[in-house]
Amino acid sequence: MKKNYDVIDNPTLNRFEIHEEGHIAYEKYERFEGGIAYVSTFVPEAIGGRESRVSWLNMS
């Protein structure tokens, strides 16, 4: 069964985050005129390897 996750934009750290079971998974980004570059991804081992659907919330 797929689980829905809310994605939070954390502009202070330049990353999108998912908070789950006391862990934070994130995708680092760099904004530039006209777009965004995805730099790296981190998923804690404790919450990795799951099927998911992502809801893009709190995006400015």
Side-chain angles (χ1 to χ4, degrees):
M1 179 177 179
K2 290 184 180 181
K3 183 172 181 176
N4 292 318
Y5 294 96
D6 294 332
V7 176
I8 301 161
D9 186 6
N10 183 337
T12 303
L13 295 176
N14 292 328
R15 66 187 195 184
F16 297 118
E17 300 177 346
I18 295 174
H19 298 234
E20 178 68 14
E21 298 175 7
H23 302 279
I24 300 174
Y26 60 85
E27 176 83 25
K28 291 195 65 78
Y29 63 78
E30 293 178 8
R31 293 187 188 270
F32 58 90
E33 188 175 332
I36 188 168
Y38 297 100
V39 178
S40 63
T41 302
F42 172 76
V43 179
E45 194 173 318
I47 60 171
R50 301 177 182 186
E51 281 191 72
S52 64
R53 291 186 195 137
V54 175
S55 291
W56 296 93
L57 299 179
N58 303 319
M59 310 294 283
S60 8

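Computation of the quantities below employed the complete heavy-atom set of this structure, encompassing side-chain atoms and omitting hydrogens, waters and symmetry-equivalent molecules. One-based numbering along the sequence shown.
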Engineer: Checking side chain to side chain contact (heavy atoms under 4.5 Å, CB included) between F16 and each of I8, T41, I36, which is the one that passes?
Structural biologist: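 Filter result, single survivor: I36.
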Engineer: Can you name the side-chain hydrogen bond (donor to acceptor under 3.5 Å, both in side chains) partners of Y29, sequence neighbours left out?
Structural biologist: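 Checked Y29 against side-chain hydrogen bond (donor to acceptor under 3.5 Å, both in side chains); matches are D9.
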Engineer: To the closest 0.5 Å, what do you measure between CG (L13) and OH (Y26)?
Structural biologist: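 Result: 9.0 Å between the selected atoms.
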Engineer: I need the N10 CG to E27 CD distance, nearest 0.5 Å.
Structural biologist: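 Between atom CG of N10 and atom CD of E27 there are 13.5 Å.
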Engineer: I18 and V7: which non-hydrogen atoms are nearest, and at how many Å?
Structural biologist: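 Residues I18 and V7, closest heavy atoms: CG1-CG2, 3.9 Å.
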Engineer: If a pair satisfies salt bridge (Lys or Arg N to Asp or Glu O under 4.0 Å) and one of its residues is in residues 10-19, list it, with sequence neighbours excluded.
Structural biologist: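 For residues 10-19, and leaving out neighbouring residues, the salt bridge (Lys or Arg N to Asp or Glu O under 4.0 Å) pairs sorted by first residue read R15-E17.
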Engineer: Using the rule that Ile, Leu, Val, Met, Phe, Trp and Tyr join whenever any side-chain heavy atoms are under 4.5 Å apart, tell me whether Y5 and Y38 fall into a single cluster.
Structural biologist: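 Result: yes, single cluster for both.
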Engineer: By side chain to side chain contact (heavy atoms under 4.5 Å, CB included), which residues pair with H23, not counting sequence neighbours?
Structural biologist: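 For H23 the side chain to side chain contact (heavy atoms under 4.5 Å, CB included) partners, ignoring immediate neighbours, are E21, P44, A46, I47.
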